[in-house]
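Have a look at the structure below, then the notes.
Numbering of ligands and ligand atoms starts at 1, following listing order.
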Amino acid sequence: MIEVQHLTKRYGPFTAVNDVSFKVEKGEILGFLGPNGAGKTTTMRVLTGYMPATEGTAVVAGYDVFANPLEAKRHTGYLPETPPLYPEMTVREYLTFVGKLKLGPMGAAERGQRVDTAMRKAHVDDMANRACGKLSKGYRQRVGLAQALIHDPDVLILDEPTAGLDPKQIIETRDLIRSLAGNHTIILSTHILPEVSQTCQRVVIINKGRVVAVDTPDNLTHQLKGAASLYVQVDGPATADAIAGIAGVRRATASEQHGTLVSFEVEAEPNRDVRRDVARAIVDRGWGLLELRPMRMSLEEIFLQLTTEEHPQEAQHG
Ligand SMILES: Nc1ncnc2c1ncn2[C@@H]1O[C@H](COP(=O)(O)OP(=O)(O)OP(=O)(O)O)[C@@H](O)[C@H]1O
Ligand SMILES: [Mg+2]
């Protein structure tokens, strides 16, 4: 439904988006994750035909956004970082105005229905007659979503849809976005990690204009450390040296001690599952094995690792 290939965007000499490629399947929600200045908004502006790319191609709903910008736009709804509202118009007036632009010639009654549907989907119907300028930030964001939805587009491109919302509104907006998937293909940008793990099937992590990882949130959390590190809790006089002496263990660090309970972080040699050996060694010594589990990296840790260290994928590019 969306295919981006070798997309590059330069602002003068500065490269904001550098050779970015990814695909989004129909009905999928893709999270576009990256720190401030990573190039998320720039990529989205190119995808929505708001701005030309310097190099590369982007196809949205079967239309090349450079060769067929009008067709591509017809199939795309865009929530920009700041929803472009007119403060003096009521929500209904504003959406009717947007509807006239986006829906083309249509009877007033039919257009009114489309406005009602968009308001209902975005949960702003209770504010239909409120001036846009008097809405709270969360409602402004929802009206922005309603204007993106009004022509029932195949593709939704949402730039930080939950930015500035309170926790309750964040949950509501996430539910709303999830309910839209399936019928709509969605890209949303965020720098909030729980957002992608809770809302998105796949994540593209972008840093300094480059893609540093593409995967499911689950695979990402397995990928980097995965089963290679174990959390082990022992009841007994165990020491890090004793644990490190077990076959296949590369390193052991004591992390916590409460009375006779000691916790260790155990790092295995590459591609080696040491769980059985560790369990046996502990039990053989007569200690109690209270807990043994793979340590998964949180998405936060992965994000930090990918966006602060030299990542192998980046290194390959030189
Ligand atoms: N019109 C512009 N002219 C020059 N540089 C720009 C322009 N717009 C963005 N940039 C630069 O391009 C880079 C990427 O910006 P972009 O807005 O795409 O980042 P972002 O990932 O959306 O960040 P944020 O999380 O802060 O919204 C930044 O370094 C920014 O300063
Ligand atoms: Mg941005």
Side-chain angles (χ1 to χ4, degrees), residues 2 4-22 24 29-58 60 65-66 69 72-73 76-85 137-138 140-145 147-148 155-166 169-170 173-174 177 186-200 202-215 217 220 299-300 302-311 313-314 317:
I2 301 172
V4 174
Q5 282 187 335
H6 304 295
L7 198 74
T8 294
K9 176 69 190 180
R10 286 187 205 100
Y11 295 111
F14 177 72
T15 306
V17 172
N18 196 346
D19 195 22
V20 162
S21 302
F22 61 89
V24 195
I29 308 182
L30 178 89
F32 211 51
L33 184 69
N36 292 135
K40 303 181 295 293
T41 297
T42 302
T43 305
M44 292 186 150
R45 285 188 177 149
V46 170
L47 281 180
T48 51
Y50 191 89
M51 205 166 59
T54 312
E55 280 163 36
T57 58
V60 173
V65 299
F66 314 119
K73 273 187 191 156
T76 309
Y78 177 36
L79 172 68
E81 269 182 322
T82 320
L85 306 182
K137 163 120 183 133
R140 280 206 292 274
Q141 199 75 358
R142 293 189 208 180
V143 175
L145 205 52
Q147 67 73 39
V155 171
L156 281 170
I157 298 187
L158 311 175
D159 200 351
E160 304 206 26
T162 58
L165 303 189
D166 69 35
Q169 290 174 328
I170 288 179
T173 305
R174 277 185 197 148
I177 291 170
I186 301 173
I187 301 186
L188 65 87
S189 76
T190 180
H191 42 245
I192 306 166
L193 291 142
E195 191 118 301
V196 294
S197 43
Q198 287 169 26
T199 320
C200 306
R202 276 193 317 130
V203 188
V204 169
I205 299 184
I206 175 173
N207 187 42
K208 295 181 186 156
R210 280 187 182 281
V211 172
V212 293
V214 185
D215 217 325
L220 279 174
L299 211 49
E300 267 88 355
I302 289 161
F303 182 59
L304 286 175
Q305 181 165 333
L306 287 170
T307 57
T308 52
E309 286 173 22
E310 177 77 350
H311 189 254
Q313 251 174 294
E314 276 191 325
H317 288 285

Q) Do V17 and V46 come close enough that some side-chain heavy atom pair is under 4.5 Å? A)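 No, every pair of side-chain atoms sits at 4.5 Å or beyond.
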Q) Is there side-chain contact between P35 and N207, with heavy atoms separated by less than 4.5 Å? A)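 With C-beta onward as the side chain, the pair touches.
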For [atom], which protein heavy atom lies nearest, and how many Å away is it?
atom                    : result
atom 17 (O) of ligand 1 : T41 CB, 3.6 Å
atom 1 (N) of ligand 1  : Y11 CE2, 3.5 Å
atom 14 (C) of ligand 1 : G37 O, 3.4 Å
atom 25 (O) of ligand 1 : K40 NZ, 2.8 Å

Would you check whether [X] has a nitrogen or oxygen atom less than 3.5 angstrom from a nitrogen or oxygen atom of ligand 1?
X   : value
A38 : yes
G39 : yes
T43 : no
E81 : yes
F14 : no

Q) Of the non-hydrogen atoms in E81 and P83, which two are nearest, and what is the gap between them? A)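 Here E81 and P83 meet closest at O-CD, 3.7 Å.
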Q) How close do G49 and K73 get, heavy atom to heavy atom, and via which atoms? A)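 G49 and K73 have their closest heavy atoms at O-NZ, 3.7 Å.
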When you measure from the side chain of [X] to the backbone of [Y], do you find a donor-acceptor pair of N or O atoms at a distance under 3.5 Å?
X    : Y    : answer
T48  : R45  : yes
K40  : L188 : no
T54  : R10  : yes
S189 : E160 : yes

Q: Can you sort out which atoms of ligand 1 are near T42, meaning under 4.0 Å from one of its heavy atoms?
A: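 By the 4.0 Å cutoff, the relevant atoms are 14 (C), 15 (O), 16 (P), 18 (O).
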Q) Going by the atom numbers of ligand 1, which of them fall below 4.0 Å from some non-hydrogen atom of A16? A)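 Answer, ordered by atom number: 12 (O), 13 (C).
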**Q.** atom 27 (O) of ligand 1 protein-contacted (non-hydrogen atom, under 4.0 angstrom)
**A.**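 Yes, because at least one protein heavy atom sits under 4.0 Å from atom 27 (O) of ligand 1.
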Q) Nearest protein heavy atom to atom 30 (C) of ligand 1: under 4.0 Å? A)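 For atom 30 (C) of ligand 1 the answer is no, since every protein heavy atom stays at 4.0 Å or beyond.
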Q. Strictly under 4.0 Å, does any heavy atom of E160 approach an atom of ligand 1?
A.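 A heavy atom of E160 does come that close to ligand 1.
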Q: Return the orientation label for the Y50 and Y78 ring planes: parallel under 30°, perpendicular over 60°, tilted otherwise.
A: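 Rings of Y50 and Y78: perpendicular, as their planes differ by over 60°.
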Q) At the Mg ion (ligand 2), what angle lies between atom OE2 of E81 and atom OG1 of T41, rounded to 10 degrees? A)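 For OE2 of E81 and OG1 of T41, the angle centred on the Mg ion (ligand 2) reads 100°.
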**Q.** Gap between atom CD1 of I29 and atom CD of Q198 - 0.5 Å precision
**A.**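 Here the interatomic distance stands at 12.0 Å.
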